[in-house]
Amino acid sequence: MPAGTANMNDPLPQTHCGACCTSLRNVGVRRGGRTVLAGINLHLHCGELTALIGPNGAGKTTLLRTMLGDLPRTGEILFIPFRADRRQPRIGYVPQRLDTDLISPVTVLDLFCGAMSRWPLWLGHRRGWRAEAARGLARVNAAPLLERRIGELSGGQLQRVLLALALTPLPDVLLLDEPAAGVDRSGLERFFETISELRRKHDLSVLLVSHDLPGVAAVADRMLFLQNGALLREGAPREVLADPRVKTTLGFDRDLRELPVGGGRHYAHGPDDGEEARG
Amino acid sequence: MSLWFCLAGHLPCEWARYDFMQSALLALLLIGPLCALLGCMVVSNQMAFYSEAMGHAALTGIAVGAIAGLADPTGAMVVFGVVMALAITLVRRVSAVSTDTVIGVTMAFAVALGVVLLSRGGGFARYSRYLVGDMLTITRPELARLGLLALAVLGVWLTLFNGLFLVTVNRSLARSRGIRVELAEALFAVLVAVVVSLCIPWVGILVINSLLILPAATARNLARGTPQYYALAVAFSLVAGVAGLVCSFYWDTATGATVVLFSAAFFALSLLARVRRGA
């Protein structure tokens with residue numbers, strides 16, 4: 001779909017400017033007396049999908065949380081908005097997991113109502129928000145999940161629900177923290193394609209943390225390689241993945257196709273599709 | 001309030017003829033739902049141990065009040081509870097020690113200090129009424145105070161509930177929605193401390209936490225969706241409260257503990273229902 005096509009469901013007008021930008025200037029984070037991030041400089045442009053890769057403990061999640069303002073930091077984070085009336089950017093965030101337990105009564109609808117409206121959730125759902133939530137879910141083909149409890153969802157379903165939530169209302173910047181965990185190969189590819197499509201359609205800046213290198217390499221415009229809290233390499237996915245330092249650190253030295261993605265750990269759970277067919 | 005006593009006097013039951021039972025009934029109708037509402041959030045937040053610690057900390061509050069020569073140690077209890085709530089919140093934030101340990105250590109310290117101060121000169125027995133609580137001695141001014149507390153909690157629940165809810169789901173997600181997570185957490189911790197401290201003279205240190213946790217835990221076994229969760233918890237607390245009060249009248253037992261026995265029975269039934277449903 002061309003970027004200019006208006007979608008009646010979207011609360012924001014579509015403006016493709018290519019000028020709005022999120023800049024991190026010399027950002028550093030110290031936690032518990034240890035430097036977790038240092039000297040991070042990066043730009044995220046709208047309509048651009050940037051993948052953030054690196055070994056475990058490199059500081060990927062810390063970088064996302066810093067951008068959310070969740071951690072004390074040094075350096076500057078600047079947002080040059082595409083709408084003059086918005087000083088602060090709207091950030092959509094897709095976490096790795098939720099803190100709810102399996103029997104939690106929280107439903108998908110609860111999540112949407114709690115996040116979007118000020119009407120106290122414990123008093124009930126307002127009809128308008130139900131419709132809004134349904135529209136949000138439809139955007140990622142998850143409309144039937146509206147009344148499901150969070151604990152009943154498969155990994156892939158939860159991931160799409162959280163994406164839909166992050167996109168309602170449409171953000172300026174979308175941050176995804178390893179949304180791949182617990183999802184099978186084909187589900188993951190579809191998920192990345194969905195994100196890629198959405199950022200074109202809605203002109204989002206996307207920063208995506210993932211261990212699935214072939215998956216993100218296929219959709220990302222740019223790739224950042226983070227190690228020991230520093231950005232070591234930045235560029236087109238093919239260039240970054242060809243860097244010997246990246247290859248050695250992430251443990252592959254031949255063709256990417258043969259790479260055991262994420263050590264195979266993301267595929268420990270059953271196939272996502274079977275579960276959805278039943279649901 | 002006089003309206004209440006006029007109405008309660010017309011209840012067609014023997015126990016309702018007594019003034020102290022009418023007061024106790026009103027107290028339970030205030031304390032029950034109040035604790036149920038807070039308890040749901042306590043359970044969702046996995047803070048059951050924290051609220052237990054708040055109950056025990058009251059012992060030190062009582063001791064401080066007694067040493068200061070106050071006739072009514074309630075004020076000292078509230079102040080000490082709030083100080084301890086903020087201390088735990090702060091230590092949790094800045095230290096890497098697990099929350100359980102922080103709470104355990106603080107509770108052990110508070111209980112020991114309280115017992116040492118109160119037992120000086122062999123006078124601990126004078127304070128044992130705080131361990132069990134006495135619903136039947138509540139006076140009208142004290143009822144009015146409980147009413148104000150209920151209004152205050154209701155006010156917070158009407159204005160800030162969704163933010164608190166999102167924090168229990170995922171802190172970073174809440175942050176991305178513009179919620180001041182630390183403030184919300186501190187506010188909730190203080191609210192629990194205040195409610196626990198103010199309810200202890202009537203309910204008792206030993207069972208106050210059950211009043212918070214049990215209705216919520218029962219509702220959690222049955223509820224689908226957050227509105228249902230809260231509605232069921234309040235309903236269970238009301239039924240258990242009235243049943244416990246009436247039975248304690250005829251059995252000549254401590255009211256708070258009798259209420260808790262009913263709550264525990266409801267919890268067992270809800271667990272059974274859950275198991276039979278196969279969830």
Side-chain angles (χ1 to χ4, degrees), chain A residues 31-34 61 64-72 88-111 113-126 129 146-152 162 165-166 168-169 171 173-175 177, chain B residues 33 36-38 40-41 43-47 93-97 154-182 216-234 270-271 274-275 277 279:
Chain A
R31 297 184 77 188
R34 206 170 65 88
T61 297
L64 292 199
R65 287 185 59 197
T66 309
M67 292 182 67
L68 285 175
D70 213 358
L71 298 171
Q88 283 293 312
R90 215 180 250 155
I91 295 186
Y93 173 68
V94 180
Q96 271 180 30
R97 65 183 76 83
L98 296 181
D99 303 332
T100 53
D101 55 20
L102 279 180
I103 72 156
S104 166
V106 175
T107 61
V108 173
L109 179 60
D110 289 345
L111 277 186
C113 290
M116 296 190 308
S117 107
R118 290 188 64 85
W119 171 257
L121 174 60
W122 60 286
L123 289 178
H125 308 114
R126 302 218 109 171
W129 291 110
L146 186 65
E147 306 279 354
R148 297 278 285 274
R149 285 195 304 106
I150 299 297
E152 296 169 340
L162 292 177
L165 185 64
T168 317
V173 183
L174 179 63
L175 306 176
D177 191 0
Chain B
L37 285 182
L38 272 187
C40 286
M41 190 69 85
V43 171
S44 297
N45 239 338
Q46 296 166 13
M47 280 170 70
R93 199 171 303 154
V94 297
S95 101
V97 183
L154 197 63
V156 172
W157 243 233
L158 285 176
T159 49
L160 303 171
F161 179 83
N162 289 4
L164 295 171
F165 163 77
L166 274 192
V167 173
T168 70
V169 171
N170 185 290
R171 297 174 88 247
S172 298
L173 182 66
R175 173 84 65 184
S176 77
R177 293 279 168 172
I179 287 148
R180 289 146 84 180
V181 175
E182 276 85 21
T218 309
R220 215 173 165 75
N221 278 333
L222 305 170
R224 170 178 285 273
T226 301
Q228 216 180 62
Y229 177 38
Y230 281 80
L232 281 176
V234 169
S270 74
L271 201 61
R274 186 183 178 81
V275 170
R277 222 173 37 191

If I compare all heavy atoms of P105(A) with all of R220(B), which pair ends up nearest, and what's the gap?
CD-NH1, 3.5 Å
Which answer fits R31(A), side chain, backbone, both or neither, if we ask what part of it has an atom under 4.5 Å from a heavy atom of chain B?
neither
Please confirm whether the backbone N or O of A115(A) pairs with a side-chain atom of N162(B), one donor and one acceptor, at under 3.5 Å?
no
Write down the atom of R171(B), the atom of R65(A), and the distance for their closest heavy-atom approach.
NH1-NH2, 4.4 Å
Flag the one option from L64(A), L68(A), I103(A), L121(A) with the top tally of heavy-atom pairs under 4.5 Å to chain B.
L121(A)
Under 4.5 Å from any heavy atom of chain A - which part of T226(B):
both
Let's test your reading of the structure: which of T107(A), I91(A), D110(A) forms the most heavy-atom pairs below 4.5 Å with chain B?
D110(A)
What residue, out of L175(A), V108(A), T168(A), has the most heavy-atom pairs lying under 4.5 Å from chain B?
T168(A)
Could you state the interatomic distance from OG (S172(B)) to CG (D99(A)), rounded to the nearest 0.5 Å?
8.5 Å
Side chains of H125(A) and P227(B) in contact at under 4.5 Å (non-hydrogen atoms)
yes
Derivation and outcome, side-chain contact (heavy atoms from CB on, under 4.5 Å), residues R177(B) and L165(A)
CA-CA 10 Å; R177(B) 293 279 168 172; L165(A) 185 64; 3.8 Å; yes
Spacing of L173(B) atom CG and L162(A) atom CG [to the nearest 0.5 Å]
7.0 Å
Chain A heavy atoms under 4.5 Å from Q46(B): which part of the residue, side chain, backbone, both or neither?
side chain
May I ask you to name which of L109(A), V94(A), D101(A) has the most heavy-atom pairs under 4.5 Å with chain B?
D101(A)
Would you say F161(B) and L123(A) make side-chain contact, with heavy atoms under 4.5 Å?
no
Cut-off 4.5 Å, heavy atoms of chain A, and the answer for L37(B) is side chain
Given that the side chain runs from C-beta out, which part of N221(B) has a heavy atom under 4.5 Å from chain A: side chain, backbone, both or neither?
side chain
Report which part of R118(A) has an atom under 4.5 Å of a heavy atom belonging to chain B: side chain, backbone, both, or neither.
both
